[in-house]
Amino acid sequence: MSETQDGAGTRPRTTRASTGGQSTPRRRPRANARRERGHEPASSPFPPIGYYAFLSDCHTGALVAPDGTIEWLCAPRFDSPSVFGSLLDRGAGAFRLGPYGTTVPGARRYEPGTNIVETTWMTQSGWVVVRDALAIGPWGPHNGVDGTRTRPPTDDDAEHLIVRTIECIQGSVQIEMVCEPMFDYAREPASWTTVGSGYDAVDAHHHTGSLRLMSDLRIGIEGNRARARHTLKEGEKRYVALSWANDLHGPQTADEATAMLDYTSHFWRDWLDDGRFPDHPWRIYLQRSALVLKGLTYAPTGAMVAALTTSLPETPGGERNWDYRYTWMRDATFTLWGLHALGLDWEADDFMQFVADVPRNEDGSLQIMYGVGGEKQLTESELDHLTGYEGAKPVRIGNGAFDQRQNDVYGAVLDSVYLHTKVGGHLPQRLWPVLEAQVRCAIEVWEQPDQGIWEARGAPQHYVSSKLMCWVALDRGARLAEIHGERELAAQWQQVAEQIREDILTRGVRDGVFRQHYDTDALDASVLLIPLVRFLPPDDERVCATVKAISRDLTDHGFVLRYKVEETDDGLSGEEGTFLICSFWLVAALEEIGEHRKAKALLERLLGHSSPLYLYAEELDPKSGRQLGNYPQAFTHLALINAVMHVIEGEEGGRY
């Protein structure tokens, strides 16, 4: 199976787009505005969310549109203010390299086993190939001392620069480079100055940081943008690089740029070699998901952001737009499941150490989420000057859920540590005080209502999934206490776990089906976790009935909603798409209850709705197949790994 998007459409898709894109002044659509067909608004200048390619250097990431424009980059960290933000406003900064006057590539792919994107262009006069990467290189003086780094430096680290090469492989092609940064979420345009006496480098300075654009093309300054043009002949290769490193270093020749790309390629492939991937047709989805998860990891601390972006809408044109550039503690369980399942234990250990590092609340509890450097305050604000993706407002930075009560966080942390301890064979001593505090907090709060796993902004409720994860906290806490030699404590905690179990079974079940919370008959996809966390055996009648009820009554075109918005007080208006993580949970749950054929059929449909580059956002519009929400989404890729491994193991175990 080729990891390629090509013009012939080798993989069936529900939407297509032709894309355009020359940079123009802020707030105006580009002269060659993209025109989407099918389910996209005819006048939309935005590519479909699923058409972006994802780059990473494990410090930050970038999104590249099909026309060769980098439309999202925050530097130097994932959660820094944007430098290129045209993903959220067509005038908020962009960086294009490609053939002049041609905006639809002939083919596009990840170089296998890497996060390097290769785009092939056919024009009337010739063919060119562009390679794009956030460069990774050997540790050196340019890395400097980072006061937020809590993980030991590795042999390789981010170069803090974008490297782009363009090579003519046949004929001759007119090419153009346009770089138009807009600092601080497009609040301030770049002001360029030349470096030296030539045309090979220009600088842009801002109080949030400095940039250096370097190239063997001749760079000119046109107001707030830097631009170059050239006719590339067969066999000729040129480069462009943009640096935000402390010393603003970068390649000085096309050969040096190519060497940096090759080193980056070796880094990703060497890393992927450490994983264990089954010899199966779905292997490519597992590998791409692993590369996404690694790419969303902030190397200095071991944190993993939920997604690269902020404010990509869950409802087209709607208000369900959130900032996901932070680390959620609940992701811990699924992170560990996914990474350990693929043998990627190093990253799992780094995440565990991050959990041990982050500051706790006065009662010893962990927040539900943190900044990638362990920051607690993630105050939410709105950027009214940005139009939003396809007009979806508000654009938010920060996340107001950071101080919510979500009782499931304790179970997520305890389950992840228990899994990590089982795999590693020992319980790190520095984690024990954290774990003991989380169990005691779970004991204090499990009888209280909360906002639930979906961070509802309505009234607190007695959510079944929150009670479930409090049970997980006590059950896993008891097991870890046994390992730690605290047998009396283990017995006490197990007794509380049984009390929680009885409460859930008494108050959380109606007509043999687990419900969203104690005071409703509504369904909620989060209860699909019941068999996955081993609360009840998969052959329990209530488990089977719940899985089948969700499959039948909480789906749209066969894909799973997290809940029905008309039945849930989430404090918001408007509809939302189906949640991909919930659909992958249903795959795993169907496999657990012995419905192998149904599980496999749903999984095949889900895999068929990946982006052309095998990436996933948070949600899927079941009617159009459009990806919705922030992108790429770690939670979705983690659930994909779990679901795929479940079905493969079901095939090998003969559960048909």
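With hydrogens and angles disregarded, a donor-acceptor distance shorter than 3.5 Å links the side chain of R501 to the backbone of F535. Side chain of S611 to main chain of L613: a donor-acceptor pair is present (N/O by atom type, distance under 3.5 Å, no hydrogens or angles). Listed for the T636 side chain is a donor-acceptor partner under 3.5 Å among the backbone atoms of A617. Between the side chain of T421 and the main chain of V417, a donor-acceptor pair closer than 3.5 Å is present. For S289 (side chain) and Y285 (main-chain N/O), a donor-acceptor pair under 3.5 Å exists by modelled atom type. Using modelled atom types, one side-chain atom of T60 and one backbone atom of C74 make a donor-acceptor pair closer than 3.5 Å.
Residues passing the side chain to side chain donor-acceptor pair (under 3.5 Å) test with D524 are W454, Q516, S526, sequence neighbours excluded. Among residues two or more places apart in sequence or in another chain, the side-chain contact (heavy atoms from CB on, under 4.5 Å) test is passed with A348 by L336, L339, H340, H420. Partners of Q461 by side-chain contact (heavy atoms from CB on, under 4.5 Å), not counting sequence neighbours, listed by chain and number: A459, Y463, H517, D519. For W268, there are no side chain to side chain donor-acceptor pair (under 3.5 Å) partners at least two apart in sequence or on another chain. For K598, there are no side chain to side chain donor-acceptor pair (under 3.5 Å) partners at least two apart in sequence or on another chain. By the salt bridge (charged side-chain N to carboxylate O under 4.0 Å, His left out) test, D475 is found to be paired with R479, residues two or more places apart in sequence or in another chain being considered. Under the side-chain contact (heavy atoms from CB on, under 4.5 Å) criterion, H280 pairs with P278, W282, I648, E651, sequence neighbours left out. Residues forming a salt bridge (charged side-chain N to carboxylate O under 4.0 Å, His left out) with R269 (at least two apart in sequence, or on another chain): none. Judged as a salt bridge (charged side-chain N to carboxylate O under 4.0 Å, His left out), and not counting sequence neighbours, D450 has no contacts. A search for salt bridge (charged side-chain N to carboxylate O under 4.0 Å, His left out) contacts involving D262 returns R131, not counting sequence neighbours. By the side-chain contact (heavy atoms from CB on, under 4.5 Å) test, A525 is found to be paired with L528, L554, V560, C582, residues two or more places apart in sequence or in another chain being considered.
Ion pairing of R396 with D323 is absent here, as no side-chain N (NZ or NE/NH1/NH2) approaches a carboxylate O to less than 4.0 Å. Using a cutoff of 4.0 Å between basic side-chain nitrogens and carboxylate oxygens, E347 and K294 are scored as salt-bridged.
Inter-residue side-chain proximity for Q627 and Y51 is flagged as unmet; no heavy-atom pair is nearer than 4.5 Å. Residues F559 and L606 meet the side-chain proximity criterion, which asks for heavy atoms closer than 4.5 Å.
With no hydrogens or angles considered, no side-chain donor-acceptor pair links S56 and N115 at under 3.5 Å. No side-chain N or O of Y410 forms a donor-acceptor pair with one of N407 less than 3.5 Å apart.
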Chi angles and distances behind the side-chain hydrogen bond (donor to acceptor under 3.5 Å, both in side chains) call for Q287, Y614: CA-CA 10 Å; Q287 290 180 332; Y614 301 90; over 6 Å; no
Check against side-chain hydrogen bond (donor to acceptor under 3.5 Å, both in side chains), D408 and S466: CA-CA 5 Å; D408 66 311; S466 295; 4.9 Å; no
Trace of the ring pair (Phe, Tyr, Trp, His ring centres under 6.0 Å) decision for Y616 with F584: CA-CA 12 Å; Y616 289 89; F584 283 119; 5.8 Å; yes
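L628 approaches I49 most closely through the heavy-atom pair CA-CD1, 4.2 Å. Smallest separation of non-hydrogen atoms from G411 and V472: O-CG1, 3.5 Å. The minimum heavy-atom distance linking M304 with L293 is given by the pair CE-O, 3.6 Å.
Applying the salt bridge (charged side-chain N to carboxylate O under 4.0 Å, His left out) definition to pairs two or more places apart or across chains, those involving residues 529-555 are R534-E592, D540-R542.
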